[in-house]
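Input: a single structure, listed below in structure tokens.
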Amino acid sequence: AYNGVNKAEALALFTRFEFHSFIKRMGLDSKEEADREVSAAQAVQANACPNIAALPQILAITAVEDGYFCSDGESLWRLEEECFTALLESDRTLVCHDAKALYKLLAGKGIHWRGAAFDTMLAAYVLNAGEGGFDLSRLALQNLGVTLGGGESDLLCVMALYRELSQKIAESGAEQL
């Protein structure tokens with residue numbers, strides 16, 4: 001007798017074949033990611049331009065056409081340009097996804113910085129250069145089992161990927177690459 005869709009098996013299959021839209025369409029998104037997106041939306045509104053000295057030592061950063069953001073993986077802060085540049089000049093470990101694109105975007109805004117300590121896109125490439133693509137949504141699905149909603153809240157996922165991929169790189173002995 002048919003008992004309906006086994007959501008765990010469907011999620012595993014759709015994740016394996018990278019069927020992102022089926023995962024969303026069937027409501028198989030991770031509850032943890034959905035909760036994170038809701039809290040991220042609240043955090044963006046609540047945490048504007050914090051005291052840079054109070055931020056954690058390791059942060060994920062990104063810039064978009066209309067703003068700058070950083071995250072510790074749980075909270076997301078929108079930064080004014082002067083706060084963002086102070087963060088870039090600090091001694092913090094800054095993590096990003098696709099450092100090259102970030103560098104180009106920042107250069108277009110007159111900010112010349114090349115100090116990313118860890119790039120999740122590059123780390124994924126080092127771990128498996130034969131993969132077809134290294135976009136953030138694909139890496140999140142492959143490594144964390146979550147689908148992303150787009151926007152600034154995806155930065156929360158960059159920290160989780162940093163933790164996951166840096167551990168895999170250490171285990172593979174590829175830290176020096």
Notebook entry, point to check: What do the steps show when you test L136 against M121 for side-chain contact (heavy atoms from CB on, under 4.5 Å), and what is the final call?
Noted result: CA-CA 7 Å; L136 185 57; M121 178 183 260; over 6 Å; no

Notebook entry, point to check: Under the 3.5 angstrom rule, does the side chain of D119 hit a backbone N or O of D98 as a donor-acceptor pair?
Noted result: yes

Item checked: Validation row: R138, E131 side chains within 4.5 angstrom (heavy atoms) -> yes

Next item on the list: Just do the side-chain contact (heavy atoms from CB on, under 4.5 Å) check on F69 and L76 with the steps written out, would you?
Entry: CA-CA 7 Å; F69 298 88; L76 181 65; 4.3 Å; yes

Item checked: Inter-residue atom distance S75.OG - L55.CG, 0.5 Å rounding -> 9.5 Å

Item checked: Under the side-chain contact (heavy atoms from CB on, under 4.5 Å) test, residues paired with D66 that sit two or more places apart -> V64, R78

Next item on the list: Determine the minimum heavy-atom distance between L94 and L87, stating which atoms define it.
Entry: CD1-O, 3.8 Å

Note to self: Looking at R92 and L59, would you say the former's side chain and the latter's main chain have a donor-acceptor pair under 3.5 Å?
What the structure shows: no

Item checked: Set of residues satisfying side chain to side chain donor-acceptor pair (under 3.5 Å) with respect to K109, sequence neighbours excluded -> none

Notebook entry, point to check: Distance from H112 atom NE2 to L88 atom CG, nearest 0.5 Å?
Noted result: 12.5 Å

Check: Ignoring hydrogens and geometry, is there a side-chain-to-backbone donor-acceptor pair from E164 to A140 under 3.5 Å?
Finding: no

Next item on the list: Would you give the length of the straight line joining atom CG of L165 to atom NE2 of H97, rounded to the nearest 0.5 angstrom?
Entry: 10.0 Å

Check: Hey, do the aromatic rings of W113 and Y103 have their centres closer than 6.0 Å?
Finding: yes

